[in-house]
Amino acid sequence: MTHPIAAELLDRSHRMGADPRYTNYAGGNTSAKGTDTDPVTGDPVELVWVKGSGGDLGTLREQGLAVLRLDRAQALVGVYPGVDREDEMVAAFDYCLHGKGGAAPSIDTAMHALVDAAHVDHLHPDAGIAFATAADGEALTREVFGDRVVWVPWRRPGFQLGLDIAAIKAAKPQAIGCVLGGHGITAWGDTSDECESRSLEIIHTAKAFIEARTAELAGRGEHPFGAVRPGFGSLPEAERRARAAALAPVIRGLASTDKPQVGHLTDTEVVLDFVSRERLDALAALGTSCPDHFLRTKVRPLVLDLPADAPLDEVIARLRELHVTYRAEYAAYYDRHASPDSPAMRGADPAIVLVPGVGMFSFGKDKQTARVAGEFYVNAINVMRGAEAISSYAPIDEAEKFRIEYWALEEAKLARMPKPKPLATRVALVTGAGSGIGKAIAQRLAAEGACVVVADLNLDAAQEVATGIGGPDVAVAVRADVTDEDAVAALVRETVLAFGGVDLVVNNAGLSISKPLLETTTRDWDVQHDVMARGSFLISREAARAMIAQQMGGDIVYIASKNSLFAGPNNIAYSATKADQAHQVRLLAAELGEHGIRVNGVNPDGVVRGSGIFAGGWGAKRAAVYGVPEDKLGEYYAGRTLLKREVLPEHVAAAVFALTGPDLGQTTGLHIPVDSGVAAAFLR
């Protein structure tokens with residue numbers, strides 16, 4: 001059962017973490033002190049509950065709290081070896097833990113354990129960081145808050161910062177909290193409600209002051225970011241999204257030079273306004289300040305310096321030039337500050353790319369990381385605007401940023417992360433994924449780490465599959481008619497806008513009409529060929545455009561059929577179009593290999609269970625052909641195979657994963673039979 005004090009702390013944390021104005025994702029930490037019973041002695045024991053390393057306030061659970069013996073945590077003051085060795089103190093907190101389970105203590109634990117208050121909040125609100133990064137932030141803090149809030153000069157998070165804040169709390173009993181230079185705010189209280197109220201007082205007071213100063217500027221016709229540059233304003237939405245879709249694969253490829261990344265587009269008004277302004281280049285070059293910001297966004301973004309309506313080919317050429325320069329400058333930044341014991345450079349590609357008129361592209365190891373990086377840069381924009389409204393933006397210096405970015409403790413945190421799944425960072429597009437084989441493929445690819453676009457003519461079915469997989473950070477649903485050239489182009493645009501690009505395409509959409517030759521109409525023939533032969537061609541062509549623009553290779557998989565090889569009765573239209581698909585595999589493998597794009601096929605047979613095709617009437621007709629009850633059709637198909645085993649959708653999905661996973665990287669132009677052994681369909 002959750003301790004009442006811990007429960008109260010979780011409630012406060014959720015409120016503070018749910019509002020991005022108060023703190024950003026996984027940023028800040030909260031704590032509470034109280035008494036529990038020592039399970040060994042039965043005596044009362046004083047504890048401190050504090051958000052653990054890597055947790056998020058808005059979604060914090062009890063297991064995300066570190067629980068420490070307060071007397072032992074505070075006794076660490078006596079063994080503190082000084083600021084030059086304070087990183088050692090994080091490991092020392094492990095010896096203060098109370099009981100089993102819980103989260104690892106974070107670097108900010110000292111702040112919470114040493115401050116003599118029952119409840120402590122450390123937050124990263126935009127308004128607070130604006131004060132913390134203002135050139136005259138100390139004077140402004142004194143002007144706005146008087147002696148209720150104390151300025152603390154920049155100090156890297158750690159034990160010494162905890163000592164500093166504890167000393168301020170002891171020396172200034174009238175203070176309710178601090179503004180931490182370059183960083184954020186801290187507040188405290190005797191009760192949880194008082195602590196929360198004081199945090200909000202600091203945030204809302206800072207926000208009101210910034211808004212008043214911003215209004216004064218507006219009254220004089222001024223803006224913190226300067227005037228809008230001619231030609232750099234936002235493109236109309238349709239034009240903006242089309243330009244973003246054209247640029248996304250190119251930018252993702254550049255951002256993936258060192259290691260593959262997933263992308264995210266942010267084209268909200270706050271971003272579009274920032275990239276349109278005169279001071280964009282100067283402010284972006286200063287970089288972000290709050291450690292949580294630049295750990296996610298890198299020290300500074302890549303900024304396109306062309307107007308919104310510049311020709312696309314010129315924009316792409318300029319982005320490639322700027323990327324070369326960015327990588328060289330980042331390597332120089334690393335070389336300027338790295339010491340012999342610094343961690344190796346983690347990569348020189350940008351995490352944030354700003355494009356006037358279009359928006360911001362952000363990148364990470366998965367969709368959530370990419371999205372959150374963009375959210376952090378929006379926080380940074382808000383901070384810059386606030387700092388420029390009340391003073392001028394003056395973040396911590398580059399050397400300090402490097403110390404945080406390449407901190408040994410940060411490197412250790414990265415080393416503790418689980419090994420990436422086989423398809424991590426890959427963006428998959430699966431057609432006909434609302435049911436049956438396509439659904440199983442989408443689920444398997446997502447389970448192996450891919451981001452998945454679930455495409456289907458039935459949007460409701462696609463949305464149900466995408467939701468079941470895990471929602472928009474993992475899977476999105478798109479309605480798509482693969483026979484329509486414009487719809488296919490729109491599908492690929494939606495894919496690259498959702499995840500930055502496309503790496504893996506599965507041509508699975510299909511249907512079947514079972515009729516003998518003399519009863520097969522031209523409409524039957526055309527429908528079959530439009531969906532599977534034409535549809536696969538259109539999907540492959542549009543996806544290949546994006547893959548070639550990315551320059552990251554890729555996979556195209558066709559779900560063909562045993563019938564592409566086997567001549568069965570009453571199946572002319574279906575089998576002929578499956579043979580068309582099978583030969584597309586060979587043709588495209590030969591053509592796209594020079595781009596690192598592999599094209600392979602899977603030939604299933606008798607996939608009855610869960611199949612949309614069989615449920616739509618095909619099953620009844622095939623059962624009639626073979627003279628068996630429809631509910632026994634799966635058994636019939638299994639009985640005529642060499643292995644005598646029924647083929648299920650997940651077996652086809654396993655073959656797709658085998659073809660696109662890490663173990664068959666040198667394989668292209670291959671067809672894998674998934675039919676339990678049909679000798680007449682052996683490849684020969």
Side-chain angles (χ1 to χ4, degrees), residues 430-439 455-459 461-462 479-488 491 506-541 557-587 601-631 633-634 636-637 640 647 649 652 671 674-675 678 680-681:
V430 185
T431 65
S435 63
I437 291 173
K439 175 181 178 179
D456 202 282
L457 193 59
N458 184 337
L459 181 59
R479 185 188 184 279
D481 178 354
V482 299
T483 71
D484 185 313
E485 188 170 8
D486 292 337
V488 168
L491 170 60
V506 182
N507 281 310
N508 169 75
L511 77 163
S512 186
I513 301 170
S514 176
K515 291 182 180 179
L517 171 65
L518 298 184
E519 295 178 16
T520 300
T521 67
T522 56
R523 174 169 173 75
D524 296 333
W525 179 271
D526 289 343
V527 167
Q528 293 274 251
H529 282 73
D530 283 351
V531 173
M532 292 185 287
R534 172 186 168 92
S536 295
F537 152 69
L538 290 174
I539 292 286
S540 297
R541 186 183 67 179
V557 178
Y558 282 66
I559 306 303
S561 171
K562 170 266 297 181
N563 285 19
S564 67
L565 299 161
F566 174 79
N570 302 338
N571 212 8
I572 177 65
Y574 177 82
S575 295
T577 195
K578 284 298 181 182
D580 185 314
Q581 284 186 306
H583 198 48
Q584 284 187 40
V585 168
R586 293 181 279 269
L587 293 167
V602 179
N603 290 343
D605 183 49
V607 185
V608 177
R609 200 179 308 175
S611 168
I613 287 178
F614 278 89
W618 167 260
K621 292 177 181 178
R622 300 315 292 170
V625 168
Y626 297 122
V628 299
E630 185 178 357
D631 62 356
L633 188 58
Y636 170 80
Y637 282 133
R640 71 184 188 181
V647 180
V652 183
H671 280 275
V674 183
D675 56 13
V678 178

Report the residues that fulfil side chain to side chain contact (heavy atoms under 4.5 Å, CB included) with L459, sequence neighbours left out, ordered by chain and then residue number.
-> Q463, A477, R479

Taking every heavy atom of Y637 against every heavy atom of G606, the minimum-distance pair comes out as CD1-CA, 3.5 Å

Out of curiosity, E519 CD to I513 CD1, how far, rounded to the nearest 0.5 Å?
-> 12.5 Å

With E485, which residues qualify under side-chain hydrogen bond (donor to acceptor under 3.5 Å, both in side chains), at least two apart?
-> R541

Nearest-0.5 Å distance that lies between atom CG in L457 and atom OG1 in T431 = 11.0 Å

Taking only residues at least two apart or on different chains, which pairs with a member in residues 525-539 satisfy salt bridge (charged side-chain N to carboxylate O under 4.0 Å, His left out)?
-> none

Give, for atom CZ of R609 and atom CD1 of I437, the distance between the pair rounded to the nearest 0.5 Å.
-> 13.0 Å

Go through the structure and list residues passing side chain to side chain contact (heavy atoms under 4.5 Å, CB included) with N507, not counting sequence neighbours.
-> V505, S536, I539, S540, I556, Y558

Measure across G510 and V531 and return the closest heavy-atom pair with its distance rounded to 0.1 Å.
-> CA-CG1, 3.8 Å

Report the residues that fulfil side-chain hydrogen bond (donor to acceptor under 3.5 Å, both in side chains) with K562, sequence neighbours left out, ordered by chain and then residue number.
-> D605

Counting distance only, does the side-chain N/O of K578 pair as donor-acceptor with the main-chain N or O of I559 below 3.5 Å?
-> yes

Could you walk me through whether V674 and V647 pass side chain to side chain contact (heavy atoms under 4.5 Å, CB included), step by step?
-> CA-CA 7 Å; V674 183; V647 180; 3.9 Å; yes

Residues two or more places apart in sequence or in another chain: which of them pass side chain to side chain contact (heavy atoms under 4.5 Å, CB included) with A582?
-> S564, R586, H671

By side-chain hydrogen bond (donor to acceptor under 3.5 Å, both in side chains) - contacts of D675 (at least two apart) = none

Indicate the atoms forming the closest heavy-atom contact of P604 with A560, along with that distance.
-> CD-O, 3.4 Å

When rounded to the nearest 0.5 angstrom, what distance separates OG1 in T521 from NZ in K515?
-> 5.0 Å

Heavy-atom nearest pair, G438 first then V430, reads O-CG1, 3.8 Å

With sequence neighbours left out, write down each residue that passes side-chain hydrogen bond (donor to acceptor under 3.5 Å, both in side chains) with T483, or none if nothing qualifies.
-> D481

Name all residues meeting the side chain to side chain contact (heavy atoms under 4.5 Å, CB included) criterion together with S575; count only those two or more places apart in sequence or in a different chain, and write none if there are none.
-> N563, N571

Closest approach of N508 to G432 (non-hydrogen atoms, all atoms of both residues) = ND2-O, 3.0 Å

Taking only residues two or more places apart in sequence or in another chain, which ones pass ring pair (Phe, Tyr, Trp, His ring centres under 6.0 Å) with Y636?
-> Y626

To the nearest 0.5 Å, what is the distance between CG (L511) and OH (Y574)?
-> 9.0 Å

S514 backbone acceptor or donor facing N570 side chain under 3.5 Å = no

Side-chain donor-acceptor contact under 3.5 Å, D524 with Q528 = no

Looking only at heavy atoms, which two atoms of W525 and A576 are closest? And how far apart?
-> CH2-CB, 3.6 Å

